[in-house]
Structures are given as structure tokens and as C-alpha cells.
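Everything below concerns the one structure shown next.
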Amino acid sequence: MSGQMATVRKPVSKEASLKNTTAKPVPVTENNSISFPVQDTPKMDAKSFKRMKRGVIKPDARIDLHGMTLARAHGALTSFVTTAFSQDKRLLLVITGKGLSKDQDDFLARPRGLLKQQVPQWLALPPFSNMVLQVSEAHQRHGGSGAYYVYLKRRR
């Protein structure tokens, strides 16, 4: 062993090893469901993204989920996005509504605006994740915070 040095590693405590992780915390909403934020940083062409956010680009198709149950809305959204993708449409408008405002006198803690919360989550998961490039809140002329722009990938 002449000329060679052995290195000795000190044992690392569990707390110290957890501090060095690079994982980011997962955002959780009031009702303990995982939150998928709406993307306000463009994954698409920057010029088109800017025009879309200003409401200049007219959506190719739209669906109004306002007033539907979660089960019915999920089925309608699946059919709508799949059909639009197969027809090579790019920009879709999905209207969810804003949800009811919470009553101060309501003693039951019922979640409000379920469609508004669920639609971006659905669009981030399969089968939608293979078709959707961008989800962004709509411009005021297309429904504002009660609607989403869904920009689809090109079919290959």
C-alpha cells in the first residue's frame, strides 16, 4: 500500500441525507389532491403563445363542461380532445366555469369549482398527456379564469 491513501467516509445521518435531495415538493390543494399548475411558461412557439394569451388566435373547437358532473365531464372531455386531435385541430377552448363562491354560512366544507381544479389535472395525465402540449388560462374574451386554452401537439 505504499503511495496509496485509503479514503474513509463518515456515515451520514438520515436528516443530513434528506437535506441534500433535489426533489421539489408536490403542491397540494385544500382537499389534499395533487395540484397540477396551469402552464404560463410556453412549451409552444413563443409568438403563438403570446398571441393565444392575448386572445388573438381563435380556438379551432370549444366545449362547455359548465354544470356537468365530474364523471360526465371527464367522458365528454376525453371524447372531445381525442376527436379534435384526430382532426388535426391545435387550439381548443375548454369552458369549466369558475365554480360557486363559498357561502360564509355554509357549515359543510364542500369543495367549490371542482371542474376548474380537475380539468388541468386530467389533461396532465394519460391519455391526454400524449396529445396536449400546453394548458393555459383563457383570455377574458374567451372566458377568462372560467376557461382554459388547450394547445394540442401535432400528430405524427
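Every heavy atom of this structure was used, including side-chain atoms; hydrogens, water molecules and symmetry mates were not.
Within the 4.5 Å cutoff, the side chain of L70 has no heavy atoms near those of the H74 side chain. At least one side-chain heavy atom of L93 sits less than 4.5 Å from a side-chain heavy atom of Y149. In this structure, V119 and F128 have side chains that are not in contact, with every pair of non-hydrogen atoms separated by 4.5 Å or more. Put simply, the side chain of I95 does not reach to within 4.5 Å of the side chain of L65, judged on heavy atoms. Looking at heavy atoms from C-beta onward, V81 lies out of side-chain contact with I63 at the 4.5 angstrom threshold.
A pairwise comparison of heavy atoms in P120 and L115 identifies CD-O, 4.4 Å as the closest pair. Across every non-hydrogen atom of A147 and H142, the tightest pair is CB-O, 3.6 Å. Nearest approach of S129 to A124, heavy atoms of both residues: CB-O, 3.5 Å. The two residues M52 and L91 have their closest heavy-atom pair at SD-CD1, 3.5 Å. F49 approaches S136 most closely through the heavy-atom pair CE1-OG, 4.2 Å.
Taken to the nearest 0.5 Å, the CG atom of L77 stands 13.5 Å off from the CZ atom of R72. Here the CD-OG1 distance, from Q117 to T96, works out to 10.0 Å after rounding to the nearest 0.5 Å. Rounded to the nearest 0.5 Å, atoms OG1 (T78) and CG (L123) are 9.0 Å apart.
At least one donor-acceptor pair under 3.5 Å links the side chain of S86 to the backbone N or O of T83. At least one donor-acceptor pair closer than 3.5 Å links the side chain of K116 to the backbone N or O of S145.
For residues 78-92, every residue pair satisfying the salt bridge (charged side-chain N to carboxylate O under 4.0 Å, His left out) rule, not counting sequence neighbours, is listed here: D88-R155. Residue pairs satisfying the salt bridge (charged side-chain N to carboxylate O under 4.0 Å, His left out) criterion with at least one member in residues 54-66, sequence neighbours excluded, are absent.
Cluster membership check: V56 does not share its hydrophobic cluster with L92, using side-chain heavy-atom separations under 4.5 Å among Ile, Leu, Val, Met, Phe, Trp and Tyr.
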Evaluate side chain to side chain contact (heavy atoms under 4.5 Å, CB included) for V135 paired with V94, printing each intermediate quantity in order.
CA-CA 10 Å; V135 178; V94 178; over 6 Å; no
